[in-house]
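Got a structure for you, written out below as structure tokens; questions coming shortly.
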Amino acid sequence: MLGEVVRGAAERHGTTAAILRGAQVVSWEAIDRHADLAAAGLLAAGVGPGQVVASVLPSGAEWLVLAVALDRVGAIHAAVSSHLAPDERGAVVASVEAGLTVVDPECVTGLPLRTSVVVVERDGLLEELHGGQTAPSGRTVDPPTDRHTNVCFTSGTTGLAKGATFGVAQLRAITRIDLGSAAESWGGGAPMLASTHFAHVGMALKLPWYARTGSTLCVLDRWRAEDALELVARHRMPTVGGVAAQVALMLRCDRFDEFDLTCVERLVVGGAPSSPRLVEEARRRFGARYSIRYSSTESGGVGLATADDADDHEALHTVGRPRPGVEVRVVDEHGDPLPDGRTGELQLRSPAVTSGYWGDPEASAATVTPEGWLRTGDLAHVEESGCVVVDGRRTDMFIRGGYNVFPVEVEAVLETHPGVAAVAVVPRPDDVLGEVPVAFVVTRPGTPPPTLGDLRAHAAGRLARYKLPDELVVVDELPVTAGDKLDRRSLRRRLDHRRTDPEGDPTEEATP
């Protein structure tokens, strides 16, 4: 589908920039042309329908050209974020047993041995794949219209990467849900911030409608609030999308009031629920509407939303209502629907929901019911108005700046530090990032306590930066429940007490 839509975008939006990344400006026509060249190179290398090709590339024109080329040869794109640590990206690539991996030079480390790799330079538009050809070879394929197209990686309850699979049908459904009556139209796009990595579900599965509308994706190699605000003001963006932590950081930018942001009409914010204080401040200072989006990788990046014209209660205290084409229900522990007002597990159903996890039928069956309901793992209730309120999460997972953090995964790495005898990771609230990791550490006898810097440096090669602890608390022992299991609630209560009594525990804060 992506290859077909980009062909139409090239015809209709030709010279309109598809990608702006620093000095790199690449039009929709150029994306289309270079994708044809890359597709010819892929076919020559033996890549064809149904084969899995992994990518570990930064967001930008090369990423988009590869995605279009893979769609045109009928291959399945398993996109891996270049932000992951070497061990993490290696494990993710290995999980799909890709026949080929296209990788940035800085991301080769950590890839599985005997992996077939093509290393591509930035700003080269995948010349390494097509050998400097100026025109396609003429060899073409006709991919099936009902096929898998993408594997989008998320994390399961243990923190191990899982690849949610999607196909043409889901991509079409996402376009219908996001664009509504304009789903069959062309044009209407504008410059927009690419606030997440292109491998993220919010980019990878929505590229078809970004192309259809002729939008321009403005990419920051490293997201910084001041740089994001400068792009918004310079390109007169009417819509600013992102996660709640990014909005909070923009509001706290010292230069916020220096930028002319009168162009901004609405903020579309996902990643985690936005706090009432954040919504109120953002609406006031941007002078714009604020729509919270509740979704997940498995839902295809579509789910619920607060209305642009929502009253204060809906806007500040709920995640809104199901978007057109999406069904919602709340169920008890047996899977039976609960009446409005009762708290249970929130489940979603739509044509955009994943087909399942790649190569993991057991996890797939545990996540999507035979009737197509997606088990979100979140606890919620439905108000009389039809709005949904999220009450908490079933798992210990928490969200730091829009990214999922699983304590067990972080603990497994921190426990390998020679000075650590035991460790538990729990979140504490943060005004900017929502929640940040705090490591409670029992030191190994006869060794000096590790510093926060020691722990972060030790884990840096194995964990993404957003998973590293922001604070260290040294304790004599970790609390356990009556069943001899780690009592995380007790640690959270300890953090709450320390916030009201700062003298209570020796702690060390991370340097921003």
Side-chain angles (χ1 to χ4, degrees), residues 152 154 164 166 170 173-181 183 195-196 200-202 205-206 209 239-245 247 266-276 278-279 282-283 289-331 337-354 367-369 371-395 397 399 402 404 434:
C152 288
T154 183
F166 298 89
Q170 282 109 332
I174 291 164
T175 297
R176 288 195 305 271
I177 293 169
D178 276 335
L179 294 186
S181 60
S195 297
T196 59
H200 189 274
V201 65
L205 301 190
K206 303 199 177 193
W209 75 254
T239 299
V240 175
V243 300
V247 176
R266 67 199 296 247
L267 301 162
V268 178
V269 186
S274 299
S275 69
L278 176 62
V279 176
R283 292 199 302 183
R289 297 164 289 174
Y290 193 111
S291 178
I292 295 173
R293 298 299 170 90
Y294 174 94
S295 66
S296 66
T297 298
E298 292 90 343
S299 75
V302 293
L304 295 89
T306 56
D308 285 346
D309 59 352
D311 60 27
D312 284 350
H313 177 74
E314 177 182 337
L316 301 178
H317 302 291
T318 81
V319 293
R321 299 174 176 83
R323 302 180 68 190
V326 179
E327 298 175 81
V328 167
R329 70 178 185 180
V330 173
V331 301
L338 292 169
D340 290 355
R342 291 278 302 279
T343 294
E345 184 187 43
L346 180 63
Q347 297 187 349
L348 309 180
R349 183 166 67 179
S350 85
V353 167
T354 180
T367 302
V368 182
T369 74
E371 298 80 24
W373 288 100
L374 173 66
R375 300 182 174 102
T376 69
D378 282 339
L379 297 173
H381 67 272
V382 181
E383 296 185 325
E384 186 177 347
S385 65
C387 289
V388 173
V389 176
V390 175
D391 298 309
R393 290 183 286 275
R394 285 190 182 280
T395 69
M397 182 272 289
I399 298 174
N404 293 352

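Keep in mind that the numbers below use all heavy atoms, side chains included, and drop hydrogens, waters and symmetry copies. Source: prediction; values computed, not measured.
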Donor-acceptor pair, side chain of S274 and main chain of L278, under 3.5 angstrom: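 Checked: no pair found.
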Main-chain N/O of G377 paired to E345 side chain as donor or acceptor, under 3.5 Å: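 It does hold such a pair.
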Main-chain N/O of V353 paired to E298 side chain as donor or acceptor, under 3.5 Å: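 Checking the backbone N and O of V353 against the side chain of E298, no donor-acceptor pair under 3.5 Å is found.
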Taking the side chain as every heavy atom from C-beta outward, state whether F166 and L205 have any pair of such atoms under 4.5 Å apart.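 With C-beta onward as the side chain, the pair touches.
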Measure the shortest side-chain to side-chain distance between W373 and V331 over non-hydrogen atoms and say whether it is less than 4.5 angstrom.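 Contact flag for W373/V331 side chains = no.
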Nearest heavy-atom neighbours spanning L348 and S299: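 That would be CD1-CB, 4.1 Å.
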Working to the nearest 0.5 angstrom, can you tell me the gap between D308 CG and L267 CG?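 That separation rounds to 10.0 Å.
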State the SG-NE2 distance between C387 and H381, to the nearest 0.5 angstrom.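 Rounded to the nearest 0.5 Å, the SG-NE2 separation comes out at 10.0 Å.
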Any idea which heavy atoms bring L338 and R342 closest together, and the distance?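 The pair with the smallest heavy-atom distance is CD2-NH2, 3.7 Å.
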Would you compute the distance between atom CD of Q347 and atom CD of E371 and round it to the nearest 0.5 angstrom?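 Rounded to the nearest 0.5 Å, the CD-CD separation comes out at 9.5 Å.
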For L346 and V330, which heavy atoms make the closest approach, and how far apart are they?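 Distance-wise, the nearest heavy atoms are CD1-CG2, 4.2 Å.
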For V201 and S296, work out which heavy atoms get closest and say how close.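 Of all heavy-atom pairs spanning V201 and S296, the closest is CG1-O, 4.3 Å.
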May I ask you to test the E383-V389 pair for a side-chain heavy-atom distance under 4.5 Å?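 Yes, their side chains come closer than 4.5 Å.
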Can you confirm whether D178 sits close enough to R323 that some side-chain heavy atom of one is under 4.5 Å from a side-chain heavy atom of the other?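 D178 vs R323: side chains touch.
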Nearest heavy atoms of I174 and G300, plus distance in Å: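 Of all heavy-atom pairs spanning I174 and G300, the closest is CD1-O, 3.4 Å.
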Are more than 12 heavy atoms from other residues, nucleotides or ligands located less than 6.0 Å from atom CD of E384?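 Atom CD in E384 is not packed in, count stays at 12 or less.
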Distance-minimising heavy-atom pair for S295 and G303: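 That closest heavy-atom pairing would be CB-N, 4.0 Å.
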Beyond-backbone contact of S350 with I177, side-chain heavy atoms, under 4.5 angstrom: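 Of all side-chain heavy-atom pairs linking I177 with S350, at least one is under 4.5 Å.
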Pair D309-R289, side chain to side chain contact (heavy atoms under 4.5 Å, CB included): steps then yes or no: CA-CA 7 Å; D309 59 352; R289 297 164 289 174; 6.0 Å; no
Reported CG-to-CD1 distance for the pair L316 and I292, which is rounded to 0.5 angstrom: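 So the CG of L316 and the CD1 of I292 are separated by 7.5 Å.
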Say you draw a straight line from NE2 of H200 to NZ of K206; how long is it, rounded to the nearest 0.5 Å?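 Answer rounded to 0.5 Å: 9.5 Å.
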Evaluate the side chain to side chain contact (heavy atoms under 4.5 Å, CB included) criterion for residues R283 and D312: first the C-alpha distance (whole Å), next the side-chain angles of each, then the deciding distance (0.1 Å), finally the verdict. CA-CA 11 Å; R283 292 199 302 183; D312 284 350; 2.7 Å; yes
